[in-house]
Amino acid sequence: MELTELPGLGPKRMLQLEQAGITTPEDLVLFFPRKYLDFTSPVPLAQLTDGQEACVQVRVVSAPWEMRKGGRHILRVTVEDASARASAVWFNQPYLKARLLSGQWLLLSARVRKQRGQLQLTSPIIAQDEGGGLQPVYPTIEGIPGRLLRQWVTVVLDKLPPAEDPLPARIIGRSSLMPRAKAIRTLHQPENAQALAAARRRMAFEELLLFQVAVRSLKAGRQGKVAPAIAFDADKRKAFWRAFPFEPTGAQQRAASEILEDMAKAQPMARLLQGDVGSGKTAVAAIAMEACIQAGYQAALMAPTEILANQHVRSLQGMMGPQARIGLLTSALTASEKKQAYECIKTGQWNVVVGTHALIQQGVRFQRLGLVVADEQHRFGVRQRQALQDKSQGAHMLVMSATPIPRSMALVLYGDLQISILDEMPPGRTPVKTYVVPPHKHDGMYGFIKTQVAKDRQAYVVCPLVEESDKLDVASAEEVYEAIRTGPLRGLSVGLLHGRMSGADKAAAMQNFASGKTQVLVCTTVVEVGVNVPNATVMAVEDATRFGLAQLHQLRGRVGRGRHESFCFLSCETPEGSQRLQLLAREQDGFKIAEADLAMRGPGEFLGDRQSGLADGQLASLAQDVRLLEETRRVLERVSGGGWEEEYALLQRAARERYRLRLEAAGIH
Ligand code: ADP
Ligand code: MG
């Protein structure tokens with residue numbers, strides 16, 4: 001079977017599917033729903049609470065009312081059930097008008113807003129006429145309506161012969177797993193919640209098990225490899241820290257010795273350095289790079305953005321000794337500058353090379369690469385990480401991440417890496433004062449922002465992501481922006497930043513805020529990781545319950561960077577939400593927050609939005625299922641022992657196939 005056989009699938013949509021990673025019918029059936037709308041148990045309108053996402057069964061009691069506002073089409077009707085009335089609002093879906101006839105009964109799934117006793121259902125989804133049940137919602141693919149995608153999946157499921165099961169029958173039996181073909185069908189067309197849970201467990205089990213098998217191969221594969229043994233004795237370490245502008249924290253010294261011990265061995269280091277924003281990871285990287293160049297090798301540092309690469313060059317210049325010859329390679333260089341840079345890297349004239357992903361381009365050849373450091377690694381795609389590993393064959397590798405990840409999850413995601421943790425902040429930081437803001441204090445929050453701006457400080461206002469599509473995200477940021485600019489913050493200079501703006505517009509918005517021209521920046525979560533505006537003292541988050549605690553903690557890390565006292569406000573409309581957010585008010589330690597977040601939230605949400613996407617993101621959400629993780633680890637222990645040789649070989653083959661690219665990059669075939 002070919003994708004082209006599907007109804008309504010022309011060359012343009014083919015391209016759009018391809019961009020979402022779907023090129024074959026097999027890919028399509030493995031493109032799973034992001035969530036399900038539960039139409040099985042409608043809630044009476046009178047019982048709805050603010051912020052809830054619920055299914056309701058209602059009758060249309062007014063003719064649809066249409067208007068345009070700020071370039072958007074708005075459609076509104078009044079609906080009711082036996083218990084109450086509500087208004088339902090749709091944005092930019094004018095075609096729905098024909099379906100909203102007075103007297104018509106509808107089964108809707110919607111986000112509920114309840115303000116001053118008024119109920120509003122925002123952008124409700126209408127259950128398919130042919131019946132409610134559990135309806136899959138797929139990740140948005142631009143240009144392809146969800147309805148069409150569902151139809152295609154149904155066709156493929158019926159036509160495609162089921163693929164081979166990568167798990168040996170003995171494991172399926174012992175762990176009571178749903179057969180693969182059935183699990184796949186169930187994920188697309190769940191009969192009920194129970195079957196859906198079993199199907200998810202089955203696919204998660206497979207992924208976790210195979211990934212752990214792949215990680216074992218990675219580890220084993222590195223064992224035979226050789227890297228330069230780089231010694232950096234106690235005197236040299238002391239000298240480094242003496243020249244360092246601060247007293248190093250205990251955690252920095254500890255992490256540095258762990259790294260230097262690894263590098264002293266003639267086999268490649270593969271280590272992850274985790275530490276909250278501001279914990280001082282750069283200094284730890286700097287001492288490793290210093291060791292590297294003093295031994296006569298080159299060191300490379302890869303940063304996710306140009307701004308950060310520039311920032312790194314400046315900090316390294318302040319930390320490294322006179323032997324360092326630091327060069328910068330980014331895609332902003334002109335062709336002739338680039339050529340020159342390549343030359344300096346090839347001849348070893350530069351022994352410290354800082355760059356963006358321009359570093360992993362084809363033309364870059366190192367003379368004697370001894371150490372590769374990747375900063376903020378979760379921002380790099382899988383492919384870039386592979387290319388980096390390619391270049392670092394025979395070099396030590398240090399990966400730095402500011403996203404605190406609970407240990408159980410890190411063990412899976414980075415199971416092939418050793419882990420060092422910076423769990424101590426440099427002294428002299430005042431914690432960001434954090435408050436949960438109930439609805440009746442919401443105006444007061446903006447009042448506070450005004451007083452801060454009057455003291456020449458600046459503020460961020462972060463808007464929640466509306467889930468259904470990026471387009472709506474933009475609408476919500478724009479809506480808040482308009483409302484704030486013309487309402488509570490009238491007279492101030494307010495800027496806007498969201499993911500759909502062009503690169504140049506984003507840079508300009510950021511620049512205006514950094515220079516102080518913009519006093520308040522309304523934004524979605526695109527505010528750059530690591531970007532530093534020390535004069536910003538307020539982080540206000542609207543509808544904070546829509547974010548994960550770990551993500552809120554990251555957002556909070558963008559203030560409290562200067563000498564002024566800083567504040568974080570978490571606006572929240574429900575008492576339950578407020579209770580969860582209180583943890584942030586009490587706790588400043590990212591790891592403790594991450595652990596608590598993991599304990600409190602359901603699957604699939606840990607890393608917040610889908611920006612973490614990719615295979616790693618999916619794995620992360622699986623890995624947080626600690627029970628399943630334990631179970632698969634036990635299965636692996638058993639299967640890699642005696643009496644399971646045949647099964648283990650089968651798993652290894654399946655893992656190799658699935659993680660082929662990753663394994664090849666590490667030189668394992
Ligand atoms: P991150 O872990 O977020 O990358 P950085 O390495 O950028 O953190 O360090 C954050 C700030 O703290 C920098 O301005 C750095 O100079 C400073 N810093 C690093 N280590 C110490 C220390 N031991 N004492 C005081 N300040 C430090
Ligand atoms: Mg950093």
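Remember, it's 1-based here, ligands and their atoms both numbered in the order they're listed. Computed from a prediction, not measured in an experiment: that's the story for all the values here.
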Heavy atoms only: which of Phe246, Phe244, Trp241 is nearest to atom 27 (C) of ligand 1?
Phe246
Using a strict cut-off of 4.0 Å, indicate which atoms of ligand 1 neighbour a heavy atom of Thr282.
4 (O), 5 (P), 6 (O), 7 (O)
Show me which atoms of ligand 1 lie under 4.0 Å from any heavy atom of Pro248.
23 (N)
Under 4.0 Å, counting heavy atoms only: does Val284 come that close to any atom of ligand 1?
no
Report yes if some N/O of Gly275 lies less than 3.5 Å from some N/O of ligand 1; otherwise report no.
no
Are Phe232 and Phe240 an aromatic pair by the rule of ring centers under 6.0 Å?
no
Relative to ligand 1, is Met400 under 4.0 angstrom through side chain, backbone, both or neither, heavy atoms considered?
neither
Any N or O of Met319 that comes nearer than 3.5 Å to an N or O of ligand 1?
no
So, His396 side chain and Leu260 main chain: donor-acceptor pair closer than 3.5 Å or not?
no
With Asn535 as partner, the option from Gln458, Arg563, Arg457 fulfilling side-chain hydrogen bond (donor to acceptor under 3.5 Å, both in side chains) is Gln458
Quick one: CD1 on Ile484 to SG on Cys463, what's the gap to the nearest 0.5 Å?
6.0 Å
Between the side chains of Ser420 and Arg271, does any donor sit under 3.5 Å from an acceptor?
yes
Would you kindly specify which portion of Asp276 sits under 4.0 Å from ligand 1, judged on non-hydrogen atoms: side chain, backbone, both or neither?
backbone
So the atoms of ligand 1 within less than 4.0 Å of a heavy atom of Gly278 turn out to be 1 (P), 2 (O), 3 (O), 8 (O), 10 (C)
Apply side-chain contact (heavy atoms from CB on, under 4.5 Å) to residues Val372 and Met302 and explain how you reach the verdict.
CA-CA 8 Å; Val372 173; Met302 183 156 92; 5.7 Å; no
Does any donor atom in the side chain of Glu424 or Thr249 lie under 3.5 Å from an acceptor atom in the other side chain?
no
According to the interplanar angle, ranging from 0 to 90°, do the rings of Tyr435 and Phe567 count as parallel (below 30°), tilted (30 to 60°) or perpendicular (above 60°)?
parallel
Under 4.0 Å from a heavy atom of Thr249: give me the atoms of ligand 1 that qualify, with their elements.
23 (N)
Numbered atoms and elements of ligand 1 in range of Glu247, under 4.0 angstrom, heavy atoms:
22 (C), 23 (N), 24 (N)
Tell me which part of Ser279 gets within contact of ligand 1: side chain, backbone, both or neither, using heavy atoms under 4.0 Å.
both
